[in-house]
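Just below is one structure, and these are the notes that go with it.
Whatever order the structure lists them in is the order used to number ligands and atoms, beginning at 1. What you see below is based on every heavy atom in this structure, not just the backbone, and it leaves out hydrogens, waters and symmetry mates. Numbers for residues simply follow the sequence, beginning at 1.
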Amino acid sequence: MSAPVTVVEHPVLADRMRVMRDRTTYHGAFRRALHEASAIVAIEATRDLPTEAVEIDTPLERTDARRLCGDVAVVPVLRAGLSMVEGFLRLLPDARVGHLGMQRDETTHSPHGYFERLPPRLAETHVFVLDPMLATGGSALYALDRLREAGARHVRLICLVCAPEGVAAVAEHHPDVPIWTATLDRCLDENAFIRPGLGDAGDRVFGTPPE
Ligand SMILES: O=P(O)(O)OC[C@H]1O[C@H](OP(=O)(O)OP(=O)(O)O)[C@H](O)[C@@H]1O
Ligand SMILES: O=c1cc[nH]c(=O)[nH]1
Ligand SMILES: [Mg+2]
């Protein structure tokens with residue numbers, strides 16, 4: 001079994017990806033485009049969340065309605081994933097927020113974890129892992145492994161730009177984790193950057209270019 005990948009298609013999303021990919025986009029505009037792109041992907045990635053039947057009173061009469069039910073958590077992969085949180089919390093204001101901090105080593109391209117704080121009761125929770133970039137897949141696998149070890153069972157990975165190598169790695173090691181993304185890019189380069197990609201998402205969103 002391999003993980004299903006949903007490439008979200010929406011004209012506004014395509015436009016915000018153009019803004020993010022453009023090398024001349026300054027970090028303020030990059031951040032805003034990332035927020036808006038994440039909100040659009042969030043709409044699609046939450047399409048099958050459970051609801052329950054309730055009865056409510058409109059100003060005129062009693063009627064049937066549906067209410068979101070069940071625990072939801074968003075888990076951004078720091079740093080870049082932090083910028084996707086707001087788009088999800090606008091839809092799911094009661095979602096818990098876990099944090100997984102990690103940084104890719106520039107030479108080995110493997111992630112080094114530096115922070116972890118996860119919500120309780122993960123086994124019953126719908127978990128959305130947020131990271132705009134899926135390159136080698138090393139960071140995603142680290143995050144998914146930690147969530148599994150912590151008991152999470154219903155996990156989805158939400159990205160904006162994916163390389164085929166990263167998708168294959170998730171499919172091999174976590175075949176039950178579906179992926180939502182705005183684009184599937186061509187390949188990785190010799191530095192494990194996604195091509196055509198958008199550069200280093202964390203540096204661009206936080207305005208911290210390398211010295
Ligand atoms: O699939 P991978 O090869 O692991 O690469 C993807 C990871 O690289 C980036 O994070 P980075 O390590 O640059 O940290 P940052 O978000 O703090 O910039 C990105 O946000 C992902 O977490
Ligand atoms: O292209 C890439 C690869 C990893 N991390 C990024 O931010 N961008
Ligand atoms: Mg980075």
Side-chain angles (χ1 to χ4, degrees), residues 2-3 5 7 16-23 25-27 29-31 33-35 37-38 41-42 74-88 97-118 127-148 155-175 177-211:
S2 66
V5 181
V7 180
R16 298 312 187 267
M17 296 311 295
R18 168 193 63 79
V19 172
M20 292 170 64
R21 286 190 193 279
D22 190 328
R23 65 179 301 158
T25 299
Y26 205 51
H27 54 265
F30 185 93
R31 191 151 52 212
L34 205 163
H35 286 166
S38 305
V41 175
V74 295
V75 179
V77 174
L78 278 47
R79 289 173 303 164
L82 282 174
S83 49
M84 300 177 74
V85 171
E86 184 59 29
F88 277 77
V97 183
H99 293 87
L100 287 172
M102 66 195 80
Q103 173 85 50
R104 278 199 332 177
D105 181 284
E106 282 179 17
T107 310
T108 65
H109 308 132
S110 293
H112 151 73
Y114 60 81
F115 184 76
E116 177 173 327
R117 186 73 192 264
L118 296 173
V127 180
F128 295 80
V129 178
L130 310 181
D131 192 334
M133 310 304 282
L134 179 65
T136 66
S139 303
L141 295 189
Y142 185 102
L144 296 173
D145 288 347
R146 290 302 306 121
L147 284 160
R148 281 278 184 261
V155 182
R156 15 190 135 186
L157 177 61
I158 315 299
C159 305
L160 295 177
V161 183
C162 293
E165 293 86 339
V167 171
V170 173
E172 180 182 350
H173 296 281
H174 291 275
V177 174
I179 301 171
W180 273 263
T181 184
T183 65
L184 273 177
D185 272 15
R186 192 177 69 248
C187 63
L188 294 180
D189 67 15
E190 61 281 9
N191 297 314
F193 269 76
I194 303 173
R195 296 295 183 102
L198 47 75
D200 187 303
D203 284 341
R204 294 197 67 191
V205 77
F206 293 114
T208 54
E211 299 287 313

Practice task
Using distance alone, determine whether Ile194 and ligand 2 share an N or O pair under 3.5 Å.
Solution key: yes
Problem - Side chains of Ser38 and Glu86 in contact at under 4.5 Å (non-hydrogen atoms) - result: no
Completion exercise
Of all protein heavy atoms, the one nearest atom 5 (N) of ligand 2 is Met133 CB, 4.1 Å
Handout entry: Heteroatom test (N, O or S) for Asp203 near the Mg ion (ligand 3), limit 2.8 Å
Key = no
Handout entry: Any Leu188 side-chain heavy atom under 4.5 Å of Ile194 side chain
Key = yes
Exercise for the section: Evaluate the side-chain proximity of Arg146 to Val129: yes if any heavy-atom separation is below 4.5 Å, no if none is. Expected result: no
Exercise for the section: Considering only non-hydrogen protein atoms, determine which one is nearest to atom 13 (O) of ligand 1 and report residue, atom name and distance to 0.1 Å. Expected result: Asp200 OD2, 3.6 Å
Exercise for the section: Please state which part of Ser139 comes within less than 4.0 Å of ligand 1, counting heavy atoms only: side chain, backbone, both or neither. Expected result: both
Handout entry: Contact bool for atom 19 (C) of ligand 1 (protein heavy atom, d < 4.0 Å)
Key = yes
Practice task
Could you tell me the separation between the CZ atom of Arg104 and the CG atom of Asn191, rounded to the nearest 0.5 Å?
Solution key: 8.5 Å
Problem - Leu160 and Arg16, any side-chain heavy atoms less than 4.5 Å apart - result: no
Exercise for the section: Answer whether the closest heavy-atom distance between the side chains of Arg186 and Pro196 falls below 4.5 Å. Expected result: yes
Practice task
Working to the nearest 0.5 Å, report the span between CG of Leu157 and CG of Leu130.
Solution key: 9.0 Å
Exercise for the section: For atom 2 (C) of ligand 2, find the nearest protein heavy atom and state the residue, atom name and distance (0.1 Å precision). Expected result: Phe193 CD2, 3.4 Å
Exercise for the section: Spell out, as yes or no, whether a donor-acceptor pair under 3.5 Å connects the side chain of His174 to the backbone of Ala171. Expected result: no
Practice task
Could you check if a side-chain atom of Leu34 sits within less than 4.5 angstrom of a side-chain atom of Met20, using non-hydrogen atoms only?
Solution key: yes
Practice task
Please confirm whether Ala140 comes within less than 3.5 Å of ligand 1 when only nitrogen or oxygen atoms on both sides are compared.
Solution key: no
Practice task
Would you mind listing which atoms of ligand 2 come within a distance below 4.0 Å of any non-hydrogen atom of Ala201?
Solution key: 6 (C), 7 (O)
Handout entry: Heavy-atom nearest neighbour in the protein, as seen from atom 17 (O) of ligand 1, with distance rounded to 0.1 Å
Key = Arg79 NE, 2.7 Å
Practice task
For the pair Arg204 (side chain) and Leu198 (backbone), establish whether a donor and an acceptor sit closer than 3.5 Å, ignoring hydrogens and angles.
Solution key: yes
Completion exercise
Filtering Pro132, Pro111, Ala135 for the heavy atom nearest atom 1 (O) of ligand 1 leaves Ala135
Problem - Within-shell test, Arg104 vs ligand 2, heavy atom, strictly < 4.0 Å - result: yes
Practice task
Say whether His109, considering both its backbone and side-chain N or O atoms, lies within less than 3.5 Å of an N or O atom on ligand 1.
Solution key: no
Problem - Contact check: Asp203 vs ligand 1, nitrogen or oxygen atoms, below 3.5 angstrom - result: no
Exercise for the section: Considering only protein heavy atoms, determine whether one is less than 4.0 Å from atom 10 (O) of ligand 1. Expected result: no
Completion exercise
Closest to atom 6 (C) of ligand 1 among protein heavy atoms sits Met133 O, 3.5 Å
Fill in the blank from the handout: Note: Thr136, heavy atoms under 4.0 Å from ligand 1, region reported as both
Practice task
Check whether any heavy atom of Pro132 sits under 4.0 Å from an atom of ligand 2.
Solution key: no
Exercise for the section: Return the residue, atom name and 0.1 Å-rounded distance of the protein heavy atom closest to atom 5 (O) of ligand 1. Expected result: Arg104 CD, 3.2 Å
Fill in the blank from the handout: In this structure, OH of Tyr114 is separated from CZ of Arg79 (nearest 0.5 Å) by 7.0 Å
Handout entry: Contact check: Ala201 vs ligand 1, nitrogen or oxygen atoms, below 3.5 angstrom
Key = no
Exercise for the section: Identify, for atom 21 (C) of ligand 1, the protein heavy atom at the shortest distance, and state residue, atom and that distance. Expected result: Asp131 OD2, 3.0 Å
Practice task
Run the contact test for Gly199 against ligand 2 with a 4.0 Å cut-off on heavy atoms, strictly below, and give the result.
Solution key: yes
Exercise for the section: Would you confirm whether Ser139, through its side chain, and Pro111, through its main-chain N or O, come within 3.5 Å as a donor-acceptor pair? Expected result: no
Handout entry: Heavy-atom side-chain proximity of Arg148 to Val155 below 4.5 angstrom
Key = yes
Handout entry: For Ala135, the ligand 2 atoms whose distance to one of its heavy atoms is below 4.0 Å
Key = 3 (C), 4 (C)
Exercise for the section: Could you list the atoms of ligand 2 found under 4.0 angstrom from a heavy atom of Ala192? Expected result: 3 (C)
Exercise for the section: Using non-hydrogen atoms of the residue, decide whether Gly137 is closer than 4.0 angstrom to ligand 1. Expected result: yes
Handout entry: Minimum side-chain heavy-atom gap Arg21-Asp185 below 4.5 Å
Key = yes
